[in-house]
Amino acid sequence: MKIFTGISNIQGTLKKPNFYFEDEDAKTLFCNAFNIFYNNYQENVFTLKVDGYLYSIVFLGNIYNLKSLISHSNFECSTNSNEEFVLKSYIYNNLFYLNDFNGCFSFAIWNDRKKELFIARDHLGVKPFYYTDIDGTLYFSSSLDQLLSFKEIDISIDSTGVLELFGLGPAHTPGTCLFKNIYELKPAHYAIFNDSGLHVRRFWGLESKKHIDDFETTCNTISYLLESSIYNELPRDNNFCTMLSGGLDSSIITAYASKFCEGCSLDIVKTISVDYVDNDKNFVKSDFQPNSDKYYINLMQEKFKTNHQTIFIDTPELANSLEEAMIARALPGMADIDSSLLLFCKEIKKHCDVAISGECSDEVFAGYPWFFREDCLNSDTFPWSLALNERQNILNKSISEKISIKDYVDFRYNEDLESISFDKNDSIDTVIRKKINYITYNWFMQTLLDRAERMANYTDLEVRVPFCDYKLVEYLWNIPWETKAYEGREKGLLRYIVKDLLPEEIVFRKKSPYPKTHNPTYLNCVKKILLEILENPNSPILNFIDKDVALEIVNTDGKSFTRPWFGQLMTGPQLMAYLIQVNMWLKKYSPKFRI
């Protein structure tokens, strides 16, 4: 049995780790067991020798209730590090406290006594973990790009990869990857790798049961869980900011952060927002993006006296960063939604090391339009990806004749629904929403979390997501739909709970997602790039797509593609940018294609 780990920074610079060893024997044993590279900023190695046996951990992330866990543990810690506590928990408590770790993490522990590797990933999949098993040798990494750097790994895609890329992308099936024989450890799972192979188990899941709390108790419990989560994730210094859009979620984070700073006698909270050059001139109202952010940001700045800054991104930057955003993910992503966040993170990093985001509130509190729209509720497919026929038509004939996007998506959709349990007290509306909530957690939220993690990690920024707290998710899961959608509104219950915390206009502001550019020069820019790709006979994407269909998308400004490619914002320009990223990805990794 061999084990190799390529945990490193996203840029692929290999750095030898700073080990903690009790003696030279431990160092020798460890170096023989692992070939470890890691990112100094986020990942650390901690090694102990107990009863003559070596135990070593490589860890990514944060356990936010660490202080409480240490105070109640049955062993002593010489540091306040995640690494020491998790490793000693493993040593002294067998499978230990996985379900008590409230935070975001992926880690691996080498057990020299048992000659086995223990790996785990956090409840909701905030931190990534990729692996492959080649002839009994396990390779793993928190970075897909780094994993692919091992020369032993055959970089290839098959029909499943094509279906993931064009049928589901930029989402992907939990546990899978576009590359053949490369996998993710699923959220809330652990695994043991030893001479008998890899054995994967789940340590947490959503359990349906009757919600017994009355309305007042429900509100008080949510308020407590939310406040606790935010406070636990706020750094104890002023080296952080909130990513303020003026929407409900980021405003809640900002309000609590402001109270926190005041209570700890820290400076006023820093808030940073993102916008696009000339967006005020070109903004177009839609069902998915009903208003712009500036007015609401000003309301928050005035009420909480924040130290605010707006970062403006211009069209050329947005287009020119598409490749860098693809490299950060090592996969095609959400096009300029990714590249804008990458640019945003770069600018934030100039001012602080940690940014607090309102990400995941829409998943937890039912904020997306598909929780309410009849066409989405009755679609019998992923409601953020309804353009199945259009996705099929974009494939070239030789591939389209061999694979069916609809059949594959139907299979993945129904496969996921089979694992949901319901309580006998659930109303019909609650059952319908639990289904859509479940797939939103497993698919859409994973795509957004991966986007945030990869773009931030690429810039050495840490983004924390307090709404992605598994105890909060557990509690919200069983609240009846009629209560969760209080007064028939998206995030109705959350709005009611924070009605006295925020300005009224923000409490009742209609959901507006992460901003996209409305500048027509961006459309012209991506049209030009995609046209050059389509006219180049050596462009690798032409091995997969129908050139005439793609040209029609370009010539109609994307209007020939009648629905968003993905989510709410990936319409014409973003679809073109996605195809550009696919071509960039194929050129960079040159995967062998075996169908």
Side-chain angles (χ1 to χ4, degrees), residues 144 155-180 182 322 325-326 329-338 379 381-413 415-416 443-444 446-447 450-451 526 529-530 533-534 539-554 558 560-567 569-595:
L144 180 57
I155 300 178
S156 63
I157 58 174
D158 55 13
S159 57
T160 298
V162 175
L163 285 162
E164 292 280 331
L165 181 63
F166 291 101
L168 294 168
H172 65 270
T173 303
T176 69
C177 183
L178 294 184
F179 297 104
K180 186 178 180 181
I182 294 179
L322 285 171
M326 180 278 296
R329 268 198 178 185
L331 295 169
M334 296 179 71
D336 55 88
I337 311 298
D338 279 11
S379 65
T381 190
F382 300 110
W384 51 84
S385 187
L386 299 175
L388 298 184
N389 291 334
E390 293 90 339
R391 283 174 175 257
Q392 181 77 34
N393 291 338
I394 211 168
L395 297 173
N396 66 36
K397 185 177 180 181
S398 64
I399 293 178
S400 185
E401 288 177 344
K402 296 177 182 177
I403 61 177
S404 168
I405 282 177
K406 185 178 186 309
D407 287 349
Y408 183 75
V409 172
D410 285 350
F411 167 72
R412 291 302 192 188
Y413 175 76
E415 178 186 50
D416 212 34
W443 295 75
F444 195 78
Q446 289 302 306
T447 306
D450 182 64
R451 161 182 166 258
V526 293
I529 297 172
L530 184 55
I533 290 171
L534 296 175
S539 296
I541 197 173
L542 295 178
N543 295 318
F544 298 89
I545 66 170
D546 187 312
K547 178 179 176 180
D548 291 336
V549 172
L551 283 171
E552 186 179 6
I553 291 171
V554 174
S560 64
F561 206 91
T562 56
R563 305 189 195 207
W565 175 265
F566 182 81
L569 301 181
M570 287 187 71
T571 52
Q574 286 71 37
L575 168 57
M576 293 182 218
Y578 180 75
L579 296 177
I580 292 168
Q581 280 196 321
V582 170
N583 192 70
M584 291 171 170
W585 177 74
L586 291 168
K587 284 182 67 176
K588 176 173 173 58
Y589 293 101
S590 301
K592 300 169 188 174
F593 178 44
R594 302 186 177 101
I595 190 169

Student: Can you name the side chain to side chain donor-acceptor pair (under 3.5 Å) partners of Asp407, sequence neighbours left out?
Tutor: Ser404
Student: Given ring-ring contact (aromatic ring centres under 6.0 Å, His included), test Phe179 with Trp585 step by step and report yes or no.
Tutor: CA-CA 12 Å; Phe179 297 104; Trp585 177 74; 5.3 Å; yes
Student: Taking C-beta and beyond as the side chain, do Ile394 and Ile553 meet within less than 4.5 Å on heavy atoms?
Tutor: yes
Student: Does the side chain to side chain contact (heavy atoms under 4.5 Å, CB included) test come out yes or no for Asp546 and Lys397, once each step is laid out?
Tutor: CA-CA 7 Å; Asp546 187 312; Lys397 185 177 180 181; 5.9 Å; no
Student: At what distance, to the nearest 0.5 angstrom, does CG of Leu163 lie from NZ of Lys402?
Tutor: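 That separation rounds to 13.0 Å.
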Student: Would you please name every residue forming a side chain to side chain donor-acceptor pair (under 3.5 Å) with Thr562, sequence neighbours left out?
Tutor: Glu390
Student: Are Asp338 and Leu322 packed together at the side-chain level, in the sense that at least one heavy-atom pair is separated by less than 4.5 angstrom?
Tutor: no
Student: Between Met570 and Pro170, is any pair of side-chain heavy atoms under 4.5 Å apart?
Tutor: yes
Student: Once salt bridge (Lys or Arg N to Asp or Glu O under 4.0 Å) is applied, do any residues pair with Lys547, and if so which ones, sequence neighbours excluded?
Tutor: Glu535
Student: Looking at every non-hydrogen atom in both residues, tell me the closest pair between Arg451 and Ile337 and how far apart they are.
Tutor: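 The answer is NE-O, 3.3 Å.
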Student: Restricting to salt bridge (Lys or Arg N to Asp or Glu O under 4.0 Å), what partner residues turn up for Lys406, sequence neighbours left out?
Tutor: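 Lys406: salt bridge (Lys or Arg N to Asp or Glu O under 4.0 Å) contacts with Asp410.
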Student: Do Lys592 and Lys180 have side-chain heavy atoms sitting under 4.5 Å apart?
Tutor: no
Student: Return the set of residues passing side chain to side chain contact (heavy atoms under 4.5 Å, CB included) with Glu164 (not counting sequence neighbours), or none when no residue passes.
Tutor: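 With sequence neighbours excluded, Glu164 shows a side chain to side chain contact (heavy atoms under 4.5 Å, CB included) to Thr160, Leu168, His172, Thr173, Thr176, Leu178, Tyr408, Arg412, given in chain and number order.
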Student: Can you measure from CG (Asp336) to CD1 (Ile580) and round to the nearest 0.5 angstrom?
Tutor: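 Answer rounded to 0.5 Å: 9.5 Å.
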Student: For the residue pair Ser385 / Arg391, report whether a side-chain donor-acceptor contact shorter than 3.5 Å exists.
Tutor: yes
Student: Work out which heavy atom in Gly167 is nearest to a heavy atom in Val409; give both atom names and the distance.
Tutor: O-CG2, 3.7 Å
Student: Of all residues at least two apart in sequence or in a different chain, which pass the side chain to side chain contact (heavy atoms under 4.5 Å, CB included) check with Ser159?
Tutor: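 Side chain to side chain contact (heavy atoms under 4.5 Å, CB included) list for Ser159, sorted by chain: Ile403, Ile595.
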Student: Applying the side chain to side chain contact (heavy atoms under 4.5 Å, CB included) test to Ile545, which of Leu534, Asn393, Ile399 qualifies?
Tutor: Leu534
Student: So Leu388 and Thr381, side chain to side chain contact (heavy atoms under 4.5 Å, CB included) or not? Walk me through it.
Tutor: CA-CA 9 Å; Leu388 298 184; Thr381 190; 3.9 Å; yes
Student: Hey, are the side chains of Leu331 and Met326 touching, using non-hydrogen atoms and a 4.5 Å cut-off?
Tutor: no
Student: Between Ala387 and Pro564, what is the shortest heavy-atom contact and its length?
Tutor: CB-O, 4.1 Å
Student: Test Phe544 against every option in Val582, Leu586, Leu165 by the side chain to side chain contact (heavy atoms under 4.5 Å, CB included) rule and name the one that passes.
Tutor: Leu586
Student: According to side chain to side chain donor-acceptor pair (under 3.5 Å), who are the partners of Ser398, at least two apart in sequence or on a separate chain?
Tutor: Asn396
Student: Just to verify, what does Tyr413 make a side chain to side chain contact (heavy atoms under 4.5 Å, CB included) with, not counting sequence neighbours?
Tutor: Phe382, Leu417, Ile439
Student: Suppose we screen for ring-ring contact (aromatic ring centres under 6.0 Å, His included). Which residues come up paired with Tyr578, at least two apart in sequence or across chains?
Tutor: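 Per chain and number, Tyr578 pairs via ring-ring contact (aromatic ring centres under 6.0 Å, His included) with Trp565.
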Student: Check whether any side-chain heavy atom of Thr571 lies under 4.5 Å from a side-chain heavy atom of Pro573, and answer yes or no.
Tutor: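 SC-SC contact between Thr571 and Pro573 confirmed.
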Student: Asp450: what forms a salt bridge (Lys or Arg N to Asp or Glu O under 4.0 Å) with it, not counting sequence neighbours?
Tutor: Arg329
Student: Quick one: side chain to side chain contact (heavy atoms under 4.5 Å, CB included) partners of Asn583, sequence neighbours excluded?
Tutor: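 Asn583 satisfies side chain to side chain contact (heavy atoms under 4.5 Å, CB included) with Ile533, Ser539, Pro540, Ile541, Lys587 once adjacent residues are dropped.
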Student: Return the set of residues passing side chain to side chain donor-acceptor pair (under 3.5 Å) with Trp384 (not counting sequence neighbours), or none when no residue passes.
Tutor: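 Here no residue qualifies.
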